[in-house]
Amino acid sequence: MKNIIEIEDFNAPELDVYARLTEAQLLNREEPKKGQFIAESPKVIERALDAGCVPLSFLCEKNHINGEAKDVIARCGDIPVYTAEFDVLTQLTGYKLTRGMLCAMLRPKLPSVADVCHDAARIVVLEEVMNPTNVGAIFRSAAALGMDAVLLTPGCSNPLYRRSARVSMGTVFQIPWTFFPADEPWQETLRGYGFATAAMALCDDSRNIDDEELLGEKKLAIVLGTEGDGLKEKTIAGCDYTVKIPMAHGVDSLNVAAASAVAFWQVGNNRR
């Protein structure tokens with residue numbers, strides 16, 4: 001293939017986007033239309049392509065070009081395919097988790113909150129969930145367990161960060177999502193779209209996640225908070241329900257990603 005370009009030096013500028021640009025640099029807030037993200041592994045790349053994301057280049061281990069990566073490369077025309085020996089690529093942080101293939105892609109334009117909510121009945125709201133691993137795990141559970149969309153407050157980790165997209169197994173490209181605009185009173189916005197809101201929080205008046213009234217809501221938003229402190233007090237106060245997952249053995253709470261899976265199964269299962 002004429003677009004195969006062999007890299008022998010880890011410091012080659014062609015590797016900058018994969019090895020040296022930070023997530024903030026890739027995001028490119030000053031010129032959002034030029035923003036990029038890195039998709040890792042053939043499965044994640046395929047799901048990004050299926051969603052219409054535009055590929056710019058590949059970085060691929062030599063022995064994968066005519067193997068696992070062959071069909072993915074064939075979908076993308078003549079974009080550069082940078083390749084190197086394994087000992088060069090293992091200098092990339094986390095390379096062993098990529099299944100031998102990375103792809104630099106343009107960031108897609110995000111939909112509006114209105115568009116994301118339009119046909120949804122069960123949505124997820126993340127308030128300042130900052131750990132990209134948790135964000136990715138929540139997306140995977142949301143997609144698998146019947147949620148229709150994910151909305152994030154501006155303080156959340158971006159779902160297209162490399163770790164988030166990888167942990168999600170590419171489901172960030174399968175379920176609609178977007179960020180609320182800064183300073184938007186998002187609870188009022190959701191109420192205007194007909195959603196009841198349920199804060200996941202350990203409060204004296206919290207209902208169990210299998211509460212019949214909760215599950216009977218036609219349009220419901222499950223609201224999850226940051227890893228350490230949980231939801232803000234004013235957020236809890238502004239929600240229609242406060243909800244908890246019953247615990248055993250004196251355990252007080254679950255990690256936000258684990259809690260999300262239980263909640264999504266319960267509210268999603270009510271629709272299946």
Side-chain angles (χ1 to χ4, degrees), residues 108-130 134-160 164 168 171-172 174-203 205-227 229-245 256-257 259-272:
K109 182 180 178 181
L110 292 181
S112 68
V113 173
D115 286 342
V116 168
C117 291
H118 182 67
D119 293 321
R122 293 288 185 266
I123 64 173
V124 185
V125 176
L126 302 185
E127 182 182 72
E128 297 185 7
V129 178
M130 295 173 281
N134 282 336
V135 170
I138 291 169
F139 265 84
R140 189 173 182 181
S141 293
L145 299 173
M147 306 304 285
D148 298 317
V150 180
L151 295 167
L152 306 96
T153 65
C156 288
S157 178
N158 194 291
L160 293 185
S164 292
S168 82
T171 54
V172 293
Q174 294 180 308
I175 185 168
W177 63 272
T178 197
F179 281 92
F180 287 108
D183 301 321
E184 177 173 342
W186 56 265
Q187 287 170 295
E188 294 179 21
T189 299
L190 292 180
R191 194 165 286 115
Y193 294 139
F195 283 91
T197 51
M200 298 293 296
L202 298 173
C203 299
D205 61 348
S206 293
R207 307 189 189 196
N208 284 348
I209 191 64
D210 61 355
D211 181 86
E212 290 185 6
E213 184 180 359
L214 173 77
L215 299 180
E217 293 285 355
K218 291 183 178 180
K219 300 178 79 172
L220 181 65
I222 297 294
V223 186
L224 297 155
T226 189
E227 293 83 353
D229 299 326
L231 292 169
K232 299 175 183 177
E233 289 185 9
K234 66 177 183 180
T235 299
I236 296 172
C239 284
D240 300 296
Y241 299 90
T242 306
V243 182
K244 66 180 179 181
I245 298 168
V256 65
S260 75
V262 176
F264 301 161
W265 183 88
Q266 184 67 68
V267 302
N269 188 57
N270 191 54
R271 305 164 66 200
R272 290 193 286 272

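What's counted below: heavy atoms across the whole structure, side chains too, no hydrogens, waters or symmetry copies. Just so it is clear, the structure is predicted and the values come from calculations on it, not from any experiment.
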### Interatomic distance, W177 atom CH2 to C156 atom SG [nearest 0.5 angstrom]
10.5 Å
### Non-hydrogen side-chain atoms of V243 and D211 separated by less than 4.5 Å
no
### Message
Side chains of Q266 and I245, heavy atoms from C-beta outward: is any pair under 4.5 Å?
### Response
no
## Note on the structure
Residue set satisfying side chain to side chain donor-acceptor pair (under 3.5 Å) with T197, at least two apart, ordered chain then number -> D240
### Task
In sequence, state the C-alpha distance, the side-chain angles, and the governing distance for F139 and Q174, and then conclude on side chain to side chain contact (heavy atoms under 4.5 Å, CB included).
CA-CA 9 Å; F139 265 84; Q174 294 180 308; over 6 Å; no
### Query
Could you give all pairs that pass the salt bridge (charged side-chain N to carboxylate O under 4.0 Å, His left out) test and reach residues 135-145, with sequence neighbours left out?
none
## Note on the structure
Sequence neighbours excluded, the answer for side-chain contact (heavy atoms from CB on, under 4.5 Å) partners of E188 is P185
### Task
Name all residues meeting the side-chain contact (heavy atoms from CB on, under 4.5 Å) criterion together with T242; count only those two or more places apart in sequence or in a different chain, and write none if there are none.
A201, C203, D205, S206, I236
### Query
Just wondering, do V150 and I175 contact through their side chains at under 4.5 Å, heavy atoms?
yes
### Query
Of all residues at least two apart in sequence or in a different chain, which pass the side-chain contact (heavy atoms from CB on, under 4.5 Å) check with D183?
none
### Task
Start with the C-alpha gap between I222 and V267, add the side-chain angles, then the distance that decides, and say whether side chain to side chain contact (heavy atoms under 4.5 Å, CB included) holds.
CA-CA 9 Å; I222 297 294; V267 302; 4.1 Å; yes
### Query
Mind checking whether C239 and V223 have side chains closer than 4.5 Å, heavy atoms only?
yes
### Message
Quick check: closest heavy atoms across A182 and P154, and the distance to 0.1 Å?
### Response
CA-CG, 3.8 Å
### Task
Could you tell me whether the side chain of M130 reaches within less than 4.5 Å of the side chain of T226, counting heavy atoms only?
yes
### Task
Using ring pair (Phe, Tyr, Trp, His ring centres under 6.0 Å) as the criterion, list what pairs up with F180, not counting sequence neighbours.
W186
### Task
First locate atom CZ of F195, then atom CG of L190, and finally report the distance between them rounded to the nearest 0.5 Å.
7.0 Å
Cut-off 3.5 Å, no hydrogens considered: what does the side-chain donor-acceptor table look like for residues 108-120, sequence neighbours left out?
| residue | atom | partner | partner atom | Å |
| --- | --- | --- | --- | --- |
| S112 | OG | D115 | N | 3.0 |
| S112 | OG | D115 | OD2 | 3.3 |

### Task
List for me each residue that meets side chain to side chain donor-acceptor pair (under 3.5 Å) alongside E233, sequence neighbours excluded, and say none if there are none.
none
### Task
Would you name the heavy atoms of A142 and V124 that are closest together and state the gap between them?
CB-CG2, 4.2 Å
### Summary
Minimal heavy-atom distance between V125 and A221, with the atoms involved, is CG2-CB, 4.2 Å
### Residue of the set N134, T153, I138 for which side-chain contact (heavy atoms from CB on, under 4.5 Å) holds with L126
I138
### Results of side chain to side chain donor-acceptor pair (under 3.5 Å) for E213 - residues two or more places apart only
R207
### Query
Which heavy atom of P159 sits nearest a heavy atom of V172, and at what distance?
O-CG1, 3.7 Å
#### Entry: Sub-4.5 Å side-chain heavy-atom contact between L151 and F179
no
### Query
Counting only N and O atoms by type, is there a donor-acceptor contact under 3.5 Å from the side chain of K219 to the main-chain atoms of Y193?
yes
### Message
Let's go through M147 and I123 carefully: what are the C-alpha distance in whole Å and the side-chain angles of both, what is the deciding distance for side chain to side chain contact (heavy atoms under 4.5 Å, CB included) to 0.1 Å, and is it a yes or a no?
### Response
CA-CA 6 Å; M147 306 304 285; I123 64 173; 5.7 Å; no
## Note on the structure
side chain to side chain donor-acceptor pair (under 3.5 Å) filter on N208, not counting sequence neighbours, yields none
### Query
Can you name the residues that form a side-chain contact (heavy atoms from CB on, under 4.5 Å) with K232, not counting sequence neighbours?
E127, E128, K234, T235
